[in-house]
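These notes are about the structure you will find just below.
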Amino acid sequence: MRMLRFELRRLFRRRKLLLLAILGFVLLMGGAVNYLDYGTGRRTSFEAFIFATDLILPFLLPLFGGFATGDTLAVDRLMGLPTLIMSRGVSPRTYILAKALGAVVGQVCLIAGILGVALLALMPFFPVGPFSMFSGGLAPDLAAVNPLLYCFSVSLVYITAAVAFCGVSLLLSVWVKNRFVVMASPVVLYIAALYALDVNSPLIAINPYARLLLEQAAGAGFTLLGVIGYWALLGTFFYTAAVLAFSLQRDYV
């Protein structure tokens with residue numbers, strides 16, 4: 001627990017998180033402005049939120065996953081901190097677990113904060129009510145009955161995806177110290193998967209881009225729980241692999 005508290009204090013003192021939060025909020029507000037160009041019977045804050053997130057986040061999350069908290073291990077390795085910390089009795093497993101948990105908490109706070117503030121910011125400008133232009137994507141029944149809960153459920157998809165993207169950077173930083181390479185790795189992997197996995201074939205089931213286009217994903221036979229499970233499974237794989245790989249290393253410099 002001491003290592004985790006130490007990691008979280010270091011993480012939340014970084015101005016980068018605040019700058020990325022401001023950037024994410026501004027982009028989502030830009031997406032909401034774009035929503036005004038679409039003719040709809042009755043614009044609502046929930047619908048504006050879904051429209052903005054579906055427009056912006058499929059392209060933004062890989063970037064935030066790597067650049068927000070994905071470089072924490074790479075930064076320590078560049079400074080030679082792992083060896084110093086472990087010389088004080090901290091085991092490699094404890095150290096990397098603190099890194100992994102800190103990265104998860106950082107991503108959750110960042111994305112949840114952006115989405116929560118964005119939804120609250122839209123409410124004074126749009127009335128609260130059901131969707132009129134969108135069917136609710138992955139869960140139209142839920143969107144019709146409880147649009148607020150649907151917005152929270154969609155937010156959980158994006159939060160889980162951001163955590164998974166961060167796991168890509170954490171895993172790579174076990175071997176790579178170059179911060180830019182580590183932070184850019186989720187974007188590179190995401191783009192590679194986008195072009196390698198044809199969205200018009202059965203491979204769409206494992207295409208990460210298709211799993212973030214939530215308003216279009218319903219036609220592919222995806223479900224809300226299935227999409228959340230997809231990102232949770234990916235995240236579990238990357239973080240588990242990172243913890244095991246670092247724990248079994250001999251050289252931590």
Side-chain angles (χ1 to χ4, degrees), residues 11-12 14-70 105-140 142-143 146-166 183-184 186-187 190-191 194 208-218 224 227-228 231:
L11 184 63
F12 287 110
R14 302 170 72 181
R15 294 182 180 179
K16 183 171 63 173
L17 284 182
L18 177 60
L19 294 175
L20 288 174
I22 294 172
L23 173 63
F25 174 77
V26 170
L27 290 175
L28 285 181
M29 292 300 99
V33 170
N34 192 269
Y35 167 69
L36 297 174
D37 293 335
Y38 288 78
T40 179
R42 181 172 181 263
R43 297 188 178 98
T44 68
S45 55
F46 297 142
E47 190 171 76
F49 175 80
I50 292 298
F51 180 90
T53 54
D54 194 63
L55 180 68
I56 301 298
L57 293 187
F59 305 98
L60 194 65
L61 288 182
L63 183 70
F64 275 29
F67 279 75
T69 61
V105 172
Q107 282 295 325
V108 170
C109 291
L110 175 65
I111 305 302
I114 293 172
L115 294 175
V117 172
L119 181 57
L120 290 175
L122 291 171
M123 287 184 174
F125 301 99
F126 300 96
V128 174
F131 299 164
S132 58
M133 184 170 68
F134 296 111
S135 64
L138 298 175
L142 177 61
N146 195 331
L148 178 59
L149 181 58
Y150 180 74
C151 289
F152 285 156
S153 300
V154 166
S155 298
L156 182 59
V157 172
Y158 294 129
I159 291 169
T160 310
V163 170
F165 283 125
C166 179
M183 291 188 295
V187 177
Y190 186 63
I191 294 175
L194 170 63
Y209 179 67
R211 297 280 185 157
L212 287 179
L213 287 174
L214 303 186
E215 286 305 308
Q216 290 78 34
L224 188 58
V227 173
I228 294 174
W231 290 111

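These numbers come from the heavy atoms of this one structure, side chains and all, not from hydrogens, waters or symmetry mates.
- When all heavy atoms of W231 and R211 are compared, the closest pair comes out as NE1-O, 3.4 Å.
- Under the side-chain contact (heavy atoms from CB on, under 4.5 Å) rule, L57 has a single partner from L55, L61, D54, which is L61.
- Here the side chain of R43 pairs no donor or acceptor atom with the backbone of A48 at under 3.5 angstrom.
- In plain terms, the two heavy atoms of S153 and L142 that are nearest each other are OG-CD2, 3.9 Å.
- Y150 is listed as a side-chain neighbour of V154, based on a closest heavy-atom distance under 4.5 Å.
- Checked by atom type and distance alone, the side chain of Y190 never pairs as donor or acceptor with a backbone atom of L63 at under 3.5 Å.
- Proximity of P147 to T44: side-chain heavy atoms (C-beta onward) are nowhere separated by under 4.5 Å.
- Minimum interatomic distance between A32 and A52 (heavy atoms only, all atoms of both residues): N-CB, 3.7 Å.
- When all heavy atoms are compared, the tightest approach of L212 to A161 is CD2-CB, 3.7 Å.
- Once rounded to the nearest 0.5 Å, the distance linking CD1 of I50 with OG of S155 reads 7.0 Å.
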Less than 3.5 Å apart, which donor and acceptor atoms pair up between the side chains of residues 105-128 and the rest of the protein, not counting sequence neighbours?
{"unit_1": "Q107", "atom_1": "NE2", "unit_2": "F64", "atom_2": "O", "d": "3.0"}
{"unit_1": "Q107", "atom_1": "NE2", "unit_2": "T69", "atom_2": "OG1", "d": "3.1"}

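- Listed by chain and number, the residues in a ring-ring contact (aromatic ring centres under 6.0 Å, His included) with F59 are Y209 (sequence neighbours excluded).
- The shortest heavy-atom contact between I228 and L156 is CD1-CD2, 3.8 Å.
- Atom CG of residue D37 and atom CZ of residue F51 lie 8.0 Å apart, to the nearest 0.5 angstrom.
- Listed here is the closest heavy atom pair of P186 and P62: CB-O, 3.5 Å.
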